[in-house]
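First comes the structure, then the notes that go with it.
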Amino acid sequence: MIIIAGTLRVAPEQRDAYLAAASNATALARQTPGCLDFAQSPDPLEPGRINIYERWESDADLEAFRALPDDGTTTPPILGAEVSRFRISAVEPA
């Protein structure tokens with residue numbers, strides 16, 4: 001299992017526009033084989049921060065999604081990003 005998690009930074013006044021534009025990618029990801037979860041959400045404390053969380057069955061599934069054609073939606077510019085890929089070897093109930 002692969003988890004992609006981290007944050008994006010956009011201008012605070014453009015965060016809602018970014019999330020609205022990114023909603024197409026979220027819907028597409030969730031329909032893609034191997035996608036277990038995909039979310040881009042506003043941070044409740046920092047107005048220019050967007051939290052990223054993706055969960056994929058495999059690298060191949062993630063790369064297949066990333067290889068899909070761009071839908072042409074223009075998003076406001078990302079000013080910074082801190083996103084990592086985590087490889088999960090075991091999953092247990094909480």
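Keep in mind that what you see is a predicted model, and the values were worked out from it rather than measured.
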Between [X] and [Y], is there shared hydrophobic-cluster membership here, with clusters defined by ILVMFWY side-chain heavy atoms closer than 4.5 Å?
X: I50; Y: L79; value: no
X: L28; Y: W56; value: yes
X: L36; Y: I52; value: no

A21: which residues meet the side-chain contact (heavy atoms from CB on, under 4.5 Å) condition with it, sequence neighbours left out?
T73, T75
Among all residues two or more places apart in sequence or in another chain, which pass the side-chain contact (heavy atoms from CB on, under 4.5 Å) test with D70?
none
Listed partners of [X] passing side chain to side chain donor-acceptor pair (under 3.5 Å), at least two apart:
X: S58; value: D61
X: R15; value: none
X: N51; value: D43, R49

Does anything in residues 74-94 pair up under ring-ring contact (aromatic ring centres under 6.0 Å, His included), and if so which pairs, sequence neighbours excluded?
none
Summary of ring-ring contact (aromatic ring centres under 6.0 Å, His included) pairs that have at least one residue in residues 12-35, sequence neighbours excluded
none
L62 side chain reached by R85 side chain, heavy atoms, under 4.5 Å
yes
Exceeds 12 heavy-atom contacts within 6.0 angstrom, atom CD of E82
no
[atom2] on [Y] to [atom1] on [X], rounded to 0.5 Å:
X: D37; Y: R55; atom1: CG; atom2: CZ; result: 5.5 Å
X: E57; Y: T32; atom1: CD; atom2: OG1; result: 12.0 Å
X: Q31; Y: L68; atom1: CD; atom2: CG; result: 10.5 Å

Return a table of donor-acceptor pairs under 3.5 angstrom between the side chains of residues 87-94 and protein atoms on other chains or two or more places apart.
unit_1 : atom_1 : unit_2 : atom_2 : d
R87    : NH1    : D59    : OD1    : 3.1
R87    : NH1    : D59    : OD2    : 2.5

Could you list the donor-acceptor pairs under 3.5 angstrom formed between side-chain atoms of residues 3-14 and any protein atom two or more places apart in sequence or on another chain?
unit_1 : atom_1 : unit_2 : atom_2 : d
R9     : NH1    : E46    : OE1    : 2.5
R9     : NH2    : E46    : OE1    : 3.3

Among residues at least two apart in sequence or on other chains, which ones pass ring pair (Phe, Tyr, Trp, His ring centres under 6.0 Å) with F38?
F65
Which atom names give the shortest non-hydrogen contact between A29 and C35, and what distance separates them?
O-CB, 3.0 Å
Closest non-hydrogen atoms of I78 and G80, given as atom of the first, atom of the second and distance, are CG2-O, 3.2 Å
